[in-house]
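Atoms within each ligand, like the ligands themselves, are counted from 1 in listed order.
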Amino acid sequence: MDQQLEQIRTEALAVIAAADDETAVETARVKYLGRAGSVSLLSEGMKSLPKEDKPRIGKLLNEVRTAVAEALDARKSALEAERDSKALSQIDISLPGTPAAVGSLHPITQLLDRAIQVFRRMGFALADGPDIETEWHCFDALNTPADHPARNEQDTFYLPDGRLLRTQTSTVQVRTMEAMPPPVRIIAPGGVYRRDEVDATHLAQFTQIEGLYVDENVTLGDLKGTIEFFFRELLGNDVQVRMRPHFFPFTEPSFEIDIKAAALGRGDKWLELAGCGMVDPAVFEEINRKRGDNAYDPEKFTGFAFGFGLDRLAMILCGVPDIRLLIENDSRFLAQYAAL
Ligand code: DAH
């Protein structure tokens, strides 16, 4: 019996080593360890052995059974590993993946975010107003005479009911003062609309930021300091700011603001960017009339206001040659301005 067992062990290990797929391994398992397999049959034969042989043969039998079982397991794992690595070798890990399209913020949005951050540091809160406005909010309350050319249908989009698309964010000055007494310190970014012929430098819709600060003792010095600080933060310490006397109906005195800065890349040329001035007492009086109180007492309060367009500034900072690119939403254009 010892001999038989050794023979089975040798044969089984050779058969298992030669098994070249999982079916062959299973066949070998049945042949040697199955219920009618040779190892099992020999262990049946144990019963008829003389008593003194039983422990030795029993031990050998266990050894053979364990050796065969381990060989089967090892072969099975080896075949599995081989199959896995073959499957993996079909995958070309050097192939580039499918790129995900990463979006970026529109240049105007980026500029707006930066502008808001700077004004926040100076204590300006964000204010808002509708794009569709009444004539009173857009013109009358802002001391704009009835025959002012801006009201002309040539310049302003009117709705059939007499309302209009706001031509300036200055409307939010009016809405803010209607809603709250002084002090107010707000900025109001948003879209404005004019009947301009659309070309490389004009759109019928563009973006402005409005500012308003009303309190006791607000001076022209405060206005100048605010404007200078803002543009220095936005464009760098070399910024030069020039204020030229101008006319706006709702401020007196009024100025246009020109900027010169290396960041604008225009050499020695000034860029006309904004309008500003000290709030005209006539505006406070109209607001008081509407409010039905004297909250904006012109004897007690003064204020400054400013407004500027963002489109031209964004175009210069981004090197955009045609303003229409800003509204076409072409992702090839937008993808170039991940960070201004
Ligand atoms: N609303 C003016 C415009 O669209 C810009 C402006 C000028 C705003 C003077 C102001 C201001 O607040 O004080 O041209």
Side-chain angles (χ1 to χ4, degrees), residues 115 119 122 124-131 133 135-145 148-152 154-157 164-178 182 184-196 201-215 218-228 230-231 241-259 271-284 286-287 296 298 301-313 323:
F119 281 120
M122 290 190 278
F124 285 82
L126 268 179
D128 203 2
D131 290 22
E133 264 297 6
E135 201 170 348
W136 184 79
H137 284 93
C138 199
F139 297 123
D140 300 275
L142 289 165
N143 194 36
T144 311
H148 193 277
R151 295 197 188 217
N152 198 308
Q154 307 281 313
D155 294 313
T156 306
F157 292 105
L164 48 79
L165 297 183
R166 68 180 179 192
T167 57
Q168 50 188 359
T169 44
S170 309
T171 53
V172 187
Q173 293 186 31
V174 177
R175 290 204 168 262
T176 305
M177 290 190 281
E178 270 184 282
V184 297
R185 182 153 33 174
I186 54 108
I187 49 166
V192 298
Y193 308 83
R194 290 181 197 176
R195 281 181 175 241
D196 267 327
T201 51
H202 296 87
L203 288 176
Q205 186 210 325
F206 53 100
T207 307
Q208 288 188 333
I209 282 199
E210 190 78 15
L212 174 69
Y213 177 29
V214 182
D215 202 347
V218 176
T219 68
L220 189 54
D222 296 322
L223 169 59
K224 191 154 189 274
T226 302
I227 296 292
E228 281 181 359
F230 171 71
F231 283 111
V241 177
R242 182 169 77 178
M243 287 167 75
R244 266 182 301 107
H246 196 75
F247 174 80
F248 295 103
F250 37 90
T251 41
E252 181 57 36
S254 303
F255 305 88
E256 273 192 335
I257 300 167
D258 303 331
I259 302 290
L271 175 67
E272 183 193 315
L273 260 189
C276 67
M278 300 305 291
V279 178
D280 194 309
V283 173
F284 287 152
E286 182 64 4
I287 296 287
Y296 287 84
F301 293 102
T302 50
F304 69 66
F306 58 85
F308 57 92
L310 287 178
D311 302 62
R312 241 173 111 203
L313 193 53
I323 197 169

So, does N143 use its side chain to make a donor-acceptor pair with the main chain of P249 at under 3.5 Å? yes
Only counting residues at least two apart or in another chain, list the ones meeting ring-ring contact (aromatic ring centres under 6.0 Å, His included) with F139. none
Audit row: L165, T156, side-chain contact (heavy atoms from CB on, under 4.5 Å) steps and yes/no: CA-CA 7 Å; L165 297 183; T156 306; over 6 Å; no
Please output the residues near ligand 1 using a strict heavy-atom distance under 4.0 Å, listed in chain and residue-number order. Q168, S170, Q173, R194, Q208, E210, F248, F250, T251, G275, C276, G277, A305, F306, G307
Would you kindly say whether Y213 and D222 are connected by a side-chain donor-acceptor distance under 3.5 Å? no
Keeping T302 on the side-chain end and V214 on the backbone end, is there a donor-acceptor pair under 3.5 Å? no
Could you tell me whether a side-chain N or O of D196 sits under 3.5 Å from a main-chain N or O of H202, the two making a donor and an acceptor? no
